[in-house]
Undergrad: 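Below: one structure in structure tokens.
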Amino acid sequence: MSFLLERDTVHGAAGTAVMTRDGQIQELFGAKKIDARANIASSDMKVIGTKRIQQKPGGAKLTGTGTMYYYTSAFVQMAAEYIRTGAMPRFDMQVTNDDKASSVGAQTVALYRCQLTGDIPIAILDDSQDMLTFEFSFSFEDFEVLEAFTAPAALGTE
């Protein structure tokens, strides 16, 4: 039986995240974590003749979270724009995993028409923190895999 070799796992910090808003590109070089997910909603389907309960997909909710060092005003500016105009700004995000030590190559995913959700920090002071961070949530309307991982160059065997 074959198995994945440790050298082909992808290091969590090996990559980049970039945000584009109004044609302006901003690298999120203070990002500690970006996690975007598709939650596939489904409904139970029961049928006479079996005790199995099947799942029928019924939609997808695209959401994400992130943790960043407190260094950019981009998020508070978006919150202010929403509060003042009633229109929530949209942005695109591109996330790349690229661990040069792994033979699986890089993966780049584009998240389209993102908007902030939940709590947005307006100002932070905290004497117990050496480095200020904040968490944020967002939703997005679509995504695309621009570059996909490849199969590992070699597998381990028993």
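Hydrogens, waters and symmetry mates are skipped; everything else that's a heavy atom, side chains included, is used.
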Undergrad: Can M93 and I34 be said to form a side chain to side chain contact (heavy atoms under 4.5 Å, CB included), step by step?
TA: CA-CA 10 Å; M93 194 180 315; I34 303 286; 4.0 Å; yes
Undergrad: Run the side-chain hydrogen bond (donor to acceptor under 3.5 Å, both in side chains) test against E144 and tell me which residues pass, sequence neighbours left out.
TA: Y112
Undergrad: Check I124 against P121 and note the closest heavy-atom contact, atom names and distance.
TA: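 Scanning both residues, the minimum pair turns out to be CD1-CB, 3.8 Å.
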Undergrad: Look at the side chain of T9 and the backbone N and O of E6, then say whether any donor-acceptor pair between them is shorter than 3.5 Å.
TA: yes
Undergrad: Show the nearest heavy-atom pair for residues R21 and R90, with the distance to one decimal.
TA: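 Here R21 and R90 meet closest at CG-O, 3.7 Å.
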Undergrad: Taking atom OH of Y82 and atom CD of Q115, what is their separation to the nearest 0.5 Å?
TA: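 So the OH of Y82 and the CD of Q115 are separated by 9.0 Å.
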Undergrad: CZ/F136 to CD1/I120 distance, rounded to the nearest 0.5 angstrom?
TA: 8.5 Å
Undergrad: Going by heavy atoms in the side chains, are M19 and Q26 under 4.5 Å from each other?
TA: yes
Undergrad: Would a single hydrophobic cluster contain both F134 and I83, if residues Ile, Leu, Val, Met, Phe, Trp and Tyr are joined by side-chain heavy-atom contacts under 4.5 Å?
TA: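 Shared cluster, no.
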Undergrad: Just verifying a value: how many Å separate T108 OG1 and Q94 CD, rounded to the nearest 0.5 Å?
TA: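 Nearest 0.5 Å value for the OG1-CD distance: 5.5 Å.
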Undergrad: Does S139 reach the main-chain N or O of L62 with its side chain, forming a donor-acceptor pair under 3.5 Å?
TA: no
Undergrad: Got a sec: does the CD of E135 have more than 12 other heavy atoms crowding it under 6.0 Å?
TA: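 Counting other residues, nucleotides and ligands, CD of E135 stays at 12 neighbours or fewer.
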Undergrad: Does R37 CZ have over 12 foreign heavy atoms under 6.0 Å away?
TA: no
Undergrad: Hey, can you tell me if F143 and F140 have their rings parallel, tilted or perpendicular (30° and 60° cut-offs)?
TA: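 Geometry flag for F140 against F143: perpendicular rings.
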Undergrad: Any sub-3.5 Å donor-acceptor pair from S102's side-chain atoms to D8's backbone N or O?
TA: yes
Undergrad: Looking at A154 and L5, what are the two nearest heavy atoms and their distance?
TA: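 For A154 and L5, the tightest heavy-atom pair comes out as O-CD1, 3.8 Å.
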Undergrad: With rounding to the nearest 0.5 angstrom, report the CG to CE distance, L28 to M68.
TA: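 Reported to 0.5 Å precision, the distance equals 5.0 Å.
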Undergrad: Would F91 and D22 count as a side chain to side chain contact (heavy atoms under 4.5 Å, CB included) here? Give the steps.
TA: CA-CA 8 Å; F91 58 95; D22 297 331; over 6 Å; no
Undergrad: Taking the side chain as every heavy atom from C-beta outward, state whether K100 and D98 have any pair of such atoms under 4.5 Å apart.
TA: yes
Undergrad: Test your reading of the model: is there a side-chain donor-acceptor pair from D126 to the backbone of S128, 3.5 Å cut-off?
TA: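 Confirmed, D126 side chain pairs with S128 backbone.
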Undergrad: Distance-only, no hydrogens or angles: does the D99 side chain make a donor-acceptor pair with backbone N or O of A14 under 3.5 Å?
TA: no
Undergrad: By the definition side chain to side chain contact (heavy atoms under 4.5 Å, CB included), identify the one residue from Y71, Y69, Y70 that meets it with T133.
TA: Y69
Undergrad: For the side chain of D35 and the backbone of G64, is there at least one donor-acceptor N/O pair under 3.5 Å apart?
TA: no
Undergrad: side-chain hydrogen bond (donor to acceptor under 3.5 Å, both in side chains) between Q55 and S43: does it pass, once the steps are laid out?
TA: CA-CA 6 Å; Q55 294 284 304; S43 300; over 6 Å; no
Undergrad: Within this structure, what is the CG-OG distance for the pair L116 and S137, rounded to the nearest 0.5 Å?
TA: 9.0 Å
Undergrad: Could you grab the distance from atom NZ of K61 to atom CG of N39, nearest 0.5 Å is fine?
TA: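 CG of N39 is found 7.0 Å from NZ of K61.
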Undergrad: Any heavy-atom pair between the side chains of K56 and S42 that's under 4.5 Å?
TA: no
Undergrad: For V104 versus A151, what's the shortest heavy-atom pair and its separation?
TA: CG1-C, 4.4 Å
Undergrad: Would you say CG of D119 has more than 12 non-hydrogen atoms from neighbouring residues, nucleotides or ligands within 6.0 angstrom?
TA: no
Undergrad: For residues S103 and T150, report the shortest heavy-atom separation together with the two atoms involved.
TA: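 Nearest heavy atoms, S103 then T150: O-OG1, 3.6 Å.
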Undergrad: Taking only residues two or more places apart in sequence, or in another chain, which ones meet T16 in a side chain to side chain contact (heavy atoms under 4.5 Å, CB included)?
TA: E27, T96
Undergrad: Should V145 and L111 be regarded as members of a common hydrophobic cluster, given that ILVMFWY residues are connected when their side-chain heavy atoms come within less than 4.5 Å of each other, either directly or indirectly?
TA: yes
Undergrad: Side chains of Q54 and D44: do they bring a donor and an acceptor to under 3.5 Å?
TA: no
